[in-house]
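A short write-up of the structure that comes next.
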Amino acid sequence: MTTDTYLYDAVRTPFGRFGGALAGTRPDDLAAHVVRALVDRSPGLDPERIDAVTFGNANGAGEENRNVARMATLLAGLPVSIPGSTVNRLCGSSLDAAMVASRQVMAGDADLVLVGGVESMSRAPWVLPKTSKPYPAHNLTAESTALGWRLVNPRMPGRWTVSLGEATEQLAELHGVSRERQDAFAAESHRLAAAAWDEGRYADHVVTVPGTDLERDEGIRPGSTPETLAGLKTVFRTEGGTVTAGNASPLNDGASAAFVGSERAAELLGRDPLAQIVSRGEAANEPQYFGYAPVAAAEQALRRAGLTWSDIDAVELNEAFAAQSLACLDAWERDGLDVGVVNRWGGAIAIGHPLGASGLRVLGTVARRLAATGGRYGLAGICIGVGQGLAVVVENVASAGTTGTTGTREGAR
């Protein structure tokens with residue numbers, strides 16, 4: 001017999017730009033901040049009742065080393081008896097953390113798990129490989145750990161180890177996604193994110209970081225238009241390229257956290273859940289086509305939930321690149337999704353993509369969107385470097401037990 005699993009609360013920091021407002025804050029301190037903020041939002045909770053802390057992080061090479069979940073728990077002043085574990089599925093790490101926690105609850109191993117994710121791409125260190133012999137006479141190359149491949153195994157096929165941008169160029173070619181569509185998509189991401197902030201959509205979700213004055217996501221440019229973005233140079237190809245700094249997610253710093261628990265956790269927290277976690281999906285394909293992996297992951301999650309795309313009222317897809325997002329949306333639209341329900345409060349191109357924190361951002365956002373509109377089912381999806389994708393289906397607890405779609409869909413993108 002399995003136990004139903006719920007998402008009870010979710011918070012995140014504003015996402016800072018590379019070298020921006022959060023660059024002076026260590027990632028373990030960012031993680032500790034969202035842990036403390038989340039716990040403080042449930043004043044009736046005895047922290048001793050938290051069964052575990054699980055965090056996602058993609059780097060692990062800098063100040064977030066030595067198991068950042070455990071570090072965050074200790075730095076936040078939680079009881080030393082709470083165990084912590086850090087998972088790494090690159091961009092999907094914190095969504096993976098939530099999936100791990102949901103399985104713990106389903107199996108009866110936990111009633112309440114605090115999950116989170118963190119990344120400081122600004123503070124990611126440069127690393128040197130160890131030499132096979134001491135005192136090398138040759139030069140050594142320092143590798144940046146902020147993003148992408150480093151210290152690549154020479155046995156890995158070259159077609160798999162192209163940069164994320166070049167991989168996206170290949171995906172855009174394969175699926176016929178034009179530069180014009182990418183720029184229009186990116187401009188809309190900025191417009192929707194700015195509007196969501198102006199409308200107070202994130203007021204109960206985002207917690208500011210002590211010692212900083214950042215109150216909103218730092219990368220949003222509400223004045224972006226397809227015309228202004230069209231003037232940017234391509235980054236990864238000089239001839240025939242389509243991917244630019246404007247239609248790709250930036251490098252960012254930030255953290256996120258949430259409570260995942262059983263039905264009994266409602267009494268522990270003194271709050272009702274935001275949503276029920278209905279199903280999970282994980283998929284993999286060739287590494288260079290990483291951006292398309294959410295398609296199979298979402299199909300798997302929908303199948304396990306006994307749903308189709310026509311049942312889905314809200315989707316949050318992490319926008320690593322406009323091209324990969326559009327390739328996924330085109331596939332989903334062919335299968336019956338109303339793409340007007342995707343990323344209605346903006347996406348990662350505008351909001352930002354601090355790798356380890358992004359999975360919980362999309363999960364928390366889709367649950368809040370369902371609560372805001374009365375929609376019933378939502379899906380959070382994310383692509384992952386080296387060819388993977390994750391997806392989670394959630395159900396709005398306020399509309400559970402009804403038949404069909406009960407809520408109001410949010411416009412059209």
Side-chain angles (χ1 to χ4, degrees), residues 5 7 10-13 15 22 25-39 47 50-105 107 109-110 112-125 127 145-148 150-151 209 252-261 277 280 282 318 353-364 380 382 384-386 388-390 392:
T5 305
L7 178 72
V11 300
R12 68 173 177 89
T13 68
F15 287 173
L22 300 185
T25 306
R26 290 173 56 114
D28 48 0
D29 284 330
L30 287 174
H33 172 59
V34 290
V35 167
R36 189 72 254 174
L38 184 71
V39 170
I50 300 172
D51 293 303
V53 173
T54 304
F55 251 73
N57 177 252
N59 197 315
E63 295 161 334
E64 72 282 87
N65 74 88
R66 299 292 291 171
N67 185 1
V68 73
R70 180 62 172 165
M71 298 300 105
T73 305
L74 298 174
L75 289 167
L78 268 59
V80 298
S81 57
I82 302 174
S85 175
T86 300
V87 299
N88 183 348
R89 206 189 289 240
L90 302 180
C91 303
S93 295
S94 58
L95 191 59
D96 202 14
M99 293 166 70
V100 168
S102 70
R103 295 185 184 107
Q104 286 178 278
V105 173
D109 290 339
L112 182 62
V113 181
L114 194 159
V115 297
V118 67
E119 209 76 45
S120 177
M121 301 177 83
S122 294
R123 299 176 73 90
V127 298
T145 64
L147 179 70
R150 79 287 304 241
L151 306 178
V209 177
N252 296 97
D253 310 324
S256 55
F259 277 127
V260 172
I277 297 175
R280 296 153 298 273
E282 53 187 332
N318 193 60
H353 181 20
L355 307 179
S358 290
L360 273 182
R361 179 191 71 79
V362 294
L363 184 63
I382 195 164
I384 301 165
V386 202
Q388 295 193 80
L390 296 177
V392 173

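The chain is numbered in sequence order, starting from 1.
- Closest approach of Glu119 and Gly356 over heavy atoms only: OE1-N, 2.8 Å.
- Residue Ala255 comes nearest to Leu30 through the heavy atom pair CB-O, 3.6 Å, listed as atom of the first residue, atom of the second, then distance.
- Side-chain contact between Val260 and Thr54 is absent, with no heavy-atom pair separated by less than 4.5 Å.
- Side-chain contact check for His33 versus Leu75: every heavy-atom pair is 4.5 Å or farther apart.
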Worksheet entry | Evaluation steps, side chain to side chain contact (heavy atoms under 4.5 Å, CB included), between Thr73 and Val35 | CA-CA 7 Å; Thr73 305; Val35 167; 5.6 Å; no

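- Considering every non-hydrogen atom in both His353 and Ser358, the closest pair reads ND1-OG, 2.6 Å.
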Discussion item. Could you walk me through whether Leu78 and Arg36 satisfy the side chain to side chain contact (heavy atoms under 4.5 Å, CB included) test, starting with their C-alpha distance in whole Å, then the side-chain angles of each, then the deciding distance to 0.1 Å, before giving a yes or no?
Written reply: CA-CA 8 Å; Leu78 268 59; Arg36 189 72 254 174; 3.8 Å; yes

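- Applying the salt bridge (charged side-chain N to carboxylate O under 4.0 Å, His left out) test to pairs two or more places apart or on separate chains, none has a residue in residues 68-80.
- Of the inter-residue distances, the one linking Glu63 atom CD with Arg123 atom CZ reads 4.0 Å to the nearest 0.5 angstrom.
- Considering every non-hydrogen atom in both Ala357 and Gly117, the closest pair reads CB-O, 3.6 Å.
- A distance of 10.5 Å separates CE in Met71 from CZ in Arg26, rounded to the nearest 0.5 Å.
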Worksheet entry | side chain to side chain contact (heavy atoms under 4.5 Å, CB included) assessment of Ser102 paired with Arg280 | CA-CA 9 Å; Ser102 70; Arg280 296 153 298 273; 3.2 Å; yes

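- Side-chain contact between Phe15 and Leu22: absent, with no pair of heavy atoms (C-beta onward) separated by less than 4.5 Å.
- Residues Arg361 and Asn318 share a closest heavy-atom pair of NH2-OD1, 3.4 Å.
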Worksheet item: Please walk me through it: do Glu64 and Phe55 pass side chain to side chain contact (heavy atoms under 4.5 Å, CB included)?
Response: CA-CA 11 Å; Glu64 72 282 87; Phe55 251 73; over 6 Å; no

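- In this model, a donor atom of one side chain and an acceptor atom of the other lie less than 3.5 Å apart for Thr86 and Asn67.
- Among all heavy-atom pairs drawn from Leu7 and Ala258, the shortest one is CD1-CB, 3.7 Å.
- We find the CG-CG distance between Asp51 and Leu114 to be 11.0 Å, quoted to the nearest 0.5 Å.
- In this structure, the separation between OG1 on Thr5 and CD on Gln104 is 10.0 Å, given to the nearest 0.5 Å.
- For Ala380, the side-chain contact (heavy atoms from CB on, under 4.5 Å) partners are Val362, Leu363, Val366, not counting sequence neighbours.
- Separating the CD1 atom in Ile382 from the SG atom in Cys91 is a distance of 6.0 Å, to the nearest 0.5 Å.
- Here the side chain of Asn88 pairs a donor or acceptor atom with the backbone of Ala58 at under 3.5 angstrom.
- In this structure a side-chain-to-backbone donor-acceptor pair under 3.5 Å is present from Arg150 to Gly148.
- Applying the side-chain contact (heavy atoms from CB on, under 4.5 Å) test between Leu355 and each of Ile384, Leu90, Leu147 identifies Leu147 as the sole match.
- Counting heavy atoms from C-beta on, the side chains of Asp253 and Thr25 never come closer than 4.5 Å.
- Atom CG in Asn59 sits 3.5 Å away from atom OG1 in Thr145 (nearest 0.5 Å).
- Between Asn57 and Ser93, every side-chain heavy-atom pair lies at or beyond the 4.5 Å cut-off.
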